[in-house]
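Below is one structure, written out as structure tokens; the observations come after it.
Numbering of ligands and ligand atoms starts at 1, following listing order. One is the number of the first residue; the rest follow in order along the sequence. Heavy-atom basis, side chains included; hydrogens, waters and symmetry copies ignored.
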Amino acid sequence: MHILTAREFTRTIVDDFIESSRAFRAGRRADHRSAVVGLLFFEDSLRTRVGYEVAATRLGAATTTVFNLKQSAAMGTPETLDDTIRSVAGWLDALCVRHPDEDAVPRIARSAGIPVINCGNGQDEHPTQALVDLFAIEELIGGIDGLRIAIVGDLNAMRSAHSLALALSVYQRVQIRCICPDGLGLPSQVLEPVRCSGTTVESTALFDVAGMDVVYVCGLPAKTRAGELSDEDQAAYRITRPRANAMAPHARILCPLPRIDEVHRDVDDTVQAGYFTQSDLSVWMRMAVLDRVLTAQHAGM
Ligand code: CP
């Protein structure tokens, strides 16, 4: 059993993950003492890599970090990805993988013979970040059905935005407002299935979050597919304290982090700032994810 894309999520699957996360948060224990989880990150990661390490430890499992191919190169010749996976997968029970190449994680999943968790494949997806985001919304706001959710930033390139939009499409009556500069909207391969599910998606280049329950901010770098953005262009999409204060008291600002400057630091102590709580909550969801894949692996599913 792999977790490669939010396209495979159903309402039953996400509800099960959320229920399991709540149970772990409430003190449920699981015993995966015999398991070893491999962490294979070809890109930098703090939250996802360390988060899965902590989650595995809390489940009783051990972890091992598989250093990337360049670091493990012998005699100056990098070992191939396929040979690396063939070598380590036989010793492990699951692999958490991040890779800058969109095709690498699915390719690893095809050959690994153990569950693979996609921790970010290029600009494509980050499906378990979406599960973290759904859990945070559930815990901070309540149910997700019927919510109005703004997603702000470079929605073309940000994999967290892709997986979140796809994951939200399993809910009823969710309205997504994409707020981004022209040319940086969700790619059609994300937008089309989300719209086909019946989820309403509107797009605007204006920063307008009036009436939103959640404002999900996922970063707007200076260099984008649509060209260079000036600081003024970027500032138009930044969350400032006045903008946070103008949001409804129940509304929350979420961000997958790391942030650069898309959310001003003086927003952190507003009631609407939910991003560090979102980060705190992520460990329970990562436990739920590992518990599910390790249980399935040991049951031979
Ligand atoms: N949100 C997220 O993926 O953070 P890291 O890059 O630190 O893992």
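Protein heavy atom closest to atom 4 (O) of ligand 1, with residue, atom name and distance, is Arg47 NE, 3.1 Å.
The main-chain N or O of Val116 is found under 3.5 Å from a side-chain atom of His2 such that the two form a donor-acceptor pair. Side chain of Arg28 to backbone of Ser20: no donor-acceptor contact under 3.5 angstrom is found.
Between Asp124 and Arg159, none of the side-chain N atoms (NZ, or NE/NH1/NH2) sits under 4.0 Å from a carboxylate O, so this pair counts as no salt bridge.
Geometrically, Arg243 engages Phe207 in a cation-pi contact defined by less than 6.0 Å to the ring centre and at most 45° from the axis. Both the sub-6.0 Å distance and the 45° axial angle are not jointly satisfied by Arg98 relative to the ring of Phe41.
Ligand 1 has a nitrogen or oxygen under 3.5 angstrom from a nitrogen or oxygen of Pro256. The distance criterion of under 3.5 Å between nitrogen or oxygen atoms is met by Ser45 with respect to ligand 1.
Against a heavy-atom cut-off of under 4.0 Å, Leu46 is close to the following atoms of ligand 1: 5 (P), 7 (O), 8 (O). Here is the list of ligand 1 atoms found below 4.0 Å of a heavy atom in Thr48: 2 (C), 3 (O), 4 (O), 5 (P), 8 (O). Set against the non-hydrogen atoms of Leu257, the atoms of ligand 1 under 4.0 Å away are 1 (N), 2 (C), 4 (O).
Summarising the geometry of Ser111 relative to Ile85, their closest heavy-atom pair is OG-CG2, 3.9 Å, with the distance given to 0.1 Å.
Comparing heavy-atom distances from atom 6 (O) of ligand 1 across Arg159, Glu43, Arg98, His126 singles out Arg98 as nearest.
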